[in-house]
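Both ligands and their constituent atoms are indexed starting at 1 by order of listing.
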Amino acid sequence: MSGDHLGLLHKELPNMEIVILDDADTIGQVAAEEICVLLGSKPDAVLGLATGSSPLSIYDHLAARHAAGEVTFARAQAFTLDEYVGLGPDHPERYRNVIDRSFTSLVDLPPGAVHSPDGLAADIPAACAAYERAIAEAGGVDLQILGIGTDGHIGFNEPGSSLASRTRIKTLTRATRSDNARFFKGDLDSVPTHCLTQGLATIMAARHVVLVATGPGKALAVQELVEGPVSAMWPATVLQHHPHVSVLLDESAASRLQLADYYRETYRGKPPWQGL
Ligand code: GLP
């Protein structure tokens, strides 16, 4: 089969691609390259940003490439996925502050180009509707970075979330609050009980989804995401219906995948020009 045919198979047709890489740093490098290529062809691209530790190496690589003059975000926009309800403007764990600290303050995104759901809004439903409108007015998200919770959540769409959900308030599960207690000095009671999150349908509207998972703690969620049945009980599985998803994993996050060898072989056989 010619390279052109391969290109059609991988790029034009709907595809969930599983990429198993050596470590978090390599994952960050591969995802950052994809984002730099996107910004090269579309300087006003809209990026979807995620908090959590998984995307940090992507942000580190992007910040380094920006510092080296290899990429500019001057015309780009960014939308974050989610936000805790009720954390004050200066709280270090407010997701808006986390994303500024770990990424947006390190690149040249213009002031006002970074948007996040307003976890302090007096009128929560109006704030959620305004967030949906803002994403639509920006032309939709071109590339959405995602992590995954150990219970299979994406954004903060906990198990049982409607697969058709849009930005809304959610109650966090005890499992997610205890996973995230490490950011609150290990104190579960300090972790907010509620959040605002883009819905699963909001995330599904992004044109390209790049999901990153590392470590053995994510292996079960990754197995469900890639090889399990689509179910609201594992919200990330909705991505099986998305036309362009790249799942970047380290060996331990990929350890439960039945078809791991096939995914490795497929990735090795890709023409180098294809990207993700
Ligand atoms: C939080 C965030 C998610 C993130 C998840 C996993 O719950 N709301 O967007 O994917 O944590 O975080 P980590 O990457 O630190 O494991």
- [ ] Applying side chain to side chain contact (heavy atoms under 4.5 Å, CB included) between Q144 and each of Q198, H242, H208, report the one that passes.
- [x] Q198
Task: Identity and distance of the protein heavy atom lying nearest atom 4 (C) of ligand 1 - done: T51 O, 4.0 Å
TODO: Please confirm whether the backbone N or O of A219 pairs with a side-chain atom of R256, one donor and one acceptor, at under 3.5 Å?
DONE: no
- [ ] Compute the centroid of each ring, for H66 and then for F103, and state whether the two points are separated by less than 6.0 Å.
- [x] no
TODO: Quick one: look at E158 and ligand 1, take heavy-atom pairs under 4.0 Å, and tell me if it's side chain, backbone, both or neither.
DONE: neither
Task: Backbone N/O of T80 and side chain of R96: donor-acceptor pair under 3.5 Å - done: no
Open item on the list: Determine whether a donor-acceptor pair (N or O, by modelled atom type, separation under 3.5 Å) exists between the side chain of E83 and the backbone of Y95.
Closed with: yes
- [ ] Note the single closest protein heavy atom to atom 8 (N) of ligand 1, along with its residue, its atom name and the distance in Å.
- [x] D82 OD2, 2.8 Å
Task: In one Ile/Leu/Val/Met/Phe/Trp/Tyr side-chain cluster, 4.5 Å: F73, I99 - done: yes
Open item on the list: For atom 12 (O) of ligand 1, what's the nearest protein heavy-atom neighbour? Residue, atom name and distance, please.
Closed with: G52 CA, 3.9 Å
Task: Within-shell test, R182 vs ligand 1, heavy atom, strictly < 4.0 Å - done: yes
Open item on the list: Suppose we measure from atom 3 (C) of ligand 1 to each protein heavy atom; which comes out shortest, and what is that distance?
Closed with: G155 O, 3.4 Å
- [ ] Identify, for atom 14 (O) of ligand 1, the protein heavy atom at the shortest distance, and state residue, atom and that distance.
- [x] S54 OG, 2.5 Å
TODO: Could you see which bit of N180 sits under 4.0 Å from ligand 1, with heavy atoms only: side chain, backbone, both or neither?
DONE: side chain
Task: Proximity flag A50 to ligand 1, non-hydrogen atoms under 4.0 Å - done: no
TODO: Under 4.0 Å from a heavy atom of F156: give me the atoms of ligand 1 that qualify, with their elements.
DONE: 1 (C), 7 (O), 8 (N)
TODO: Run the numbers for me: atoms of ligand 1, each under 4.0 Å from some heavy atom of G147, listed by number.
DONE: 10 (O)
Task: Protein contact to atom 16 (O) of ligand 1 [nearest heavy atom, distance to 0.1 Å] - done: K218 NZ, 2.6 Å
Open item on the list: Starting from atom 5 (C) of ligand 1, what is the nearest protein heavy atom, named by residue and atom, and what distance separates them?
Closed with: H153 NE2, 3.7 Å
- [ ] Check each atom of ligand 1 against the heavy atoms of Y95 and keep those under 4.0 Å away; list them by number with element.
- [x] 1 (C), 2 (C), 8 (N)
Open item on the list: Could you check whether R182 pairs with E93 (Lys NZ or Arg NE/NH1/NH2 to Asp/Glu carboxylate O, under 4.0 Å)?
Closed with: no
Open item on the list: Below a 4.0 angstrom heavy-atom separation, can you tell me which part of S53, side chain or backbone, both or neither, approaches ligand 1?
Closed with: both
Open item on the list: Checking D60 now: which residues fulfil side-chain contact (heavy atoms from CB on, under 4.5 Å) with it, not counting sequence neighbours?
Closed with: none
Task: For atom 6 (C) of ligand 1, the protein heavy atom that lies nearest, with its residue and separation - done: I148 O, 3.6 Å
Task: Of all pairs that satisfy salt bridge (Lys or Arg N to Asp or Glu O under 4.0 Å), the ones with a partner from residues 199-211, not counting sequence neighbours - done: D142-R207
Open item on the list: What's the separation between atom CD1 in I58 and atom OG in S102, rounded to the nearest 0.5 Å?
Closed with: 11.0 Å
